[in-house]
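Numbering of residues begins at 1 and proceeds along the displayed sequence.
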Amino acid sequence: MNKLHPADYIVFLVYFIAVAAYGYYIYHRKKNTSASASEFFLAEGSLTWWAIGASLIASNISAEHFVGMSGSGFALGLAISTYEWMAAATLIIVAVFFIPLYLKNRIFTMPQFLAKRYSDKVSTIMAVFWLLVYVFVNLTSIIYLGAIAITSISSLPFNFCVAGLSIFSVFVTLGGMKVIGYTDVVQVLVLIVGGLVTTYLALSLLADHFGYDGNILKGLAVLRKEAPEHFHMIFDKSNPYYKDLPGLSVLIGGMWINNLAYWGCNQYITQRALGADLRTARKGILFAAFLKLLVPVIAVLPGIVMFVLHKNGMFQQEMQENGVVKPDHAYPTLMNLLPPGLKGVAFAALTAAVVASLAGKANSISTIFSLDIYRKYFNKNATEAQQVRTGRWAVIVSMLLAAIVAPSLRSLDQAYQFIQEYVGFISPGVLAIFLMGFFWKRTTTAAAMAGALLTIPISTILKFLPAWTNGAFPDFPFLDRMSITFVVLIVVMIVISLTKPWKPTDKPVIEIDTSMFRVSPGFIVGSIIICGILTALYTVFW
């Protein structure tokens, strides 16, 4: 029943007050630095490793995971977990190679790196791309999915949920990165506890249905027995969802491009670590990698449980909309089965995930707009107070735009796959420009400009050419399209760079010191543990 009880509202109110009070305390703890741009946008020197790690996960996990990834778990199975588990491996690479370069060169925003390495034109083009994607893909989808989920477990109207989530997120964001970073610790704790409660309920319900009196270990065994096809990580071409997760491409192809672009060249992710020293940043990123291993337990398993229960005759009406089964209804349907009080915990967890992610993205929007658009083109002599004020207005405007656009996403089936595919239109270009800028000093500004301008056209052609040619051109899975686009762009950038004579004195302004890539023994041990766990998981569930 989609109704919250008084106990649920009490639990949610406690969560809301705790986050608000803690955020207020953090905001006023260093009041004398509140007008500093570096403090507002980066919380420079203020975040501990555990705050960085928690904030990375809080910004990453949102309604698209609880709702969208559970929906994909219902449809595809455990294989959708590859986004999370491969991200853990990717974070190790980012910590070793990407973060040292940013910190060494005092990079605050991704467009700033492009301006420093290439030119202001390349920087501005990519800044505009990022702003459009953050507002019209990321913010809108998170608000939409969050509002849908909350509406499905309560009597609150959809528009009220959209407005409430947006306003709550704006207030968290206006406090700056320091407030976001430390409140994210609370948010992550709430979302993990709430997520585990929901997963426990799902497995207990499954065990009850098959006569095992709520024994969740028996529930896990039933899950493997009843849905063996949902426990394969690598699909072959006969699988109906091969286009979503095309075989080995999830291990050696497009998934790496997707993850490296997201975790290594993405403002609202890297921003968490850019205000810290290298040792602290690396420890925080490694902590986030460990947390990523846990995400499928709270986001994917419930979806697979709902698939088995639905296959066995339960929740036939709840999982349908206009006579069509909607995978994204899996998690909200499950949440409605929680008893009073626990439903409030799950409600708070969902809200925490949505608000934390919205706040992180909105802060990055404000950072890019203020430092790379406003200060560069509108007010070159802007004071730090003016930059912070502009950033706060950017938060309000972007959230308003996203809230207006969000209802238009109602036609989506699996929102998680929609987000991945369309963000993937620019990911190959972003990664190509950054990698070439990092590691090949001959890469020219003209080559980077070509990479920036061609990534969307090439991705678009590869997606729609099969339809335009009535099937004469191969219809590649989108992860494979990302690989093709990335390789084409690398080749184009190399050719363009080689056409310009190069002298040893033509040194890029990005400083690289190989000693930056050395890591501590503790980091090596943690990385080996993560890689060992990943090897075991892919071996067992191949």
For Lys218, look at atom NZ and say whether over 12 heavy atoms of other residues, nucleotides or ligands are found less than 6.0 Å away.
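No, NZ of Lys218 has 12 or fewer neighbouring heavy atoms, counting only those of other groups under 6.0 Å.
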
Nearest 0.5 Å, please: how far is [atom2] in [Y] from [atom1] in [X]?
X      : Y      : atom1 : atom2 : result
Arg518 : Leu278 : CZ    : CG    : 12.5 Å
Asn259 : Leu91  : CG    : CG    : 8.0 Å
Leu76  : Glu229 : CG    : CD    : 11.5 Å
Leu201 : Leu206 : CG    : CG    : 11.0 Å
Leu223 : Leu301 : CG    : CG    : 6.5 Å
Leu203 : Thr198 : CG    : OG1   : 11.0 Å

Does the separation of the ring centres of [X] and [Y] fall below 6.0 angstrom?
X      : Y      : value
Phe113 : Phe438 : yes
Phe541 : His232 : no
Phe97  : Phe517 : yes
Trp50  : Phe287 : no

Work out which heavy atom in [X] is nearest to a heavy atom in [Y]; give both atom names and the distance.
X      : Y      : result
Gly73  : Val300 : CA-CG1, 4.1 Å
Ala432 : Ile490 : CB-CD1, 3.8 Å
Phe98  : Cys265 : CE2-SG, 3.8 Å
Ser366 : Val395 : CB-CG2, 3.6 Å
Thr485 : Pro428 : CG2-CB, 3.8 Å
Gly254 : Ser483 : N-OG, 2.9 Å

[X] versus [Y]: any side-chain heavy-atom pair under 4.5 Å?
X      : Y      : result
Ile530 : Leu286 : yes
Met255 : Leu245 : yes
Leu371 : Gln112 : no
Ile456 : Phe129 : yes
Lys243 : Phe478 : no
Leu462 : Ile484 : yes
Trp130 : Pro111 : yes
Leu334 : Val305 : no

[X] side chain to [Y] backbone, donor-acceptor under 3.5 Å:
X      : Y      : answer
Asn239 : Tyr241 : yes
Thr443 : Met436 : yes
Thr90  : Met86  : yes
Trp263 : Ala87  : no
Ser81  : Glu84  : no
Thr455 : Gly451 : no
Lys361 : Val135 : no
Trp256 : Leu251 : yes
Tyr102 : Gly264 : yes
Ser497 : Met493 : yes

Please verify the inter-ring angle class for Phe307 with His230; under 30° counts as parallel, over 60° as perpendicular, anything in between as tilted.
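Phe307 vs His230 ring planes: parallel.
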
Among Leu56, Val96, Thr280, the one residue meeting side-chain contact (heavy atoms from CB on, under 4.5 Å) with Ile285
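That would be Leu56.
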
When you check the side-chain N and O atoms of Asn258 and Ser427, is any donor under 3.5 Å from an acceptor?
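Not at all, the side chains of Asn258 and Ser427 share no donor-acceptor pair under 3.5 Å.
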
Can a donor-acceptor pair be found between the side chains of Thr82 and Tyr538 at a distance below 3.5 Å?
yes

Show the numbers, then the answer: is there a side chain to side chain contact (heavy atoms under 4.5 Å, CB included) between Met69 and Tyr83?
CA-CA 10 Å; Met69 187 166 271; Tyr83 281 101; 4.2 Å; yes

Verify side chain to side chain contact (heavy atoms under 4.5 Å, CB included) between Phe231 and Ile304, making sure each step is shown before the conclusion.
CA-CA 9 Å; Phe231 284 88; Ile304 303 176; 4.0 Å; yes

Could you walk me through whether Ile458 and Phe486 pass the side chain to side chain contact (heavy atoms under 4.5 Å, CB included) check?
CA-CA 10 Å; Ile458 294 174; Phe486 177 74; over 6 Å; no

So Met482 and Phe425, side chain to side chain contact (heavy atoms under 4.5 Å, CB included) or not? Walk me through it.
CA-CA 7 Å; Met482 289 175 66; Phe425 271 48; over 6 Å; no

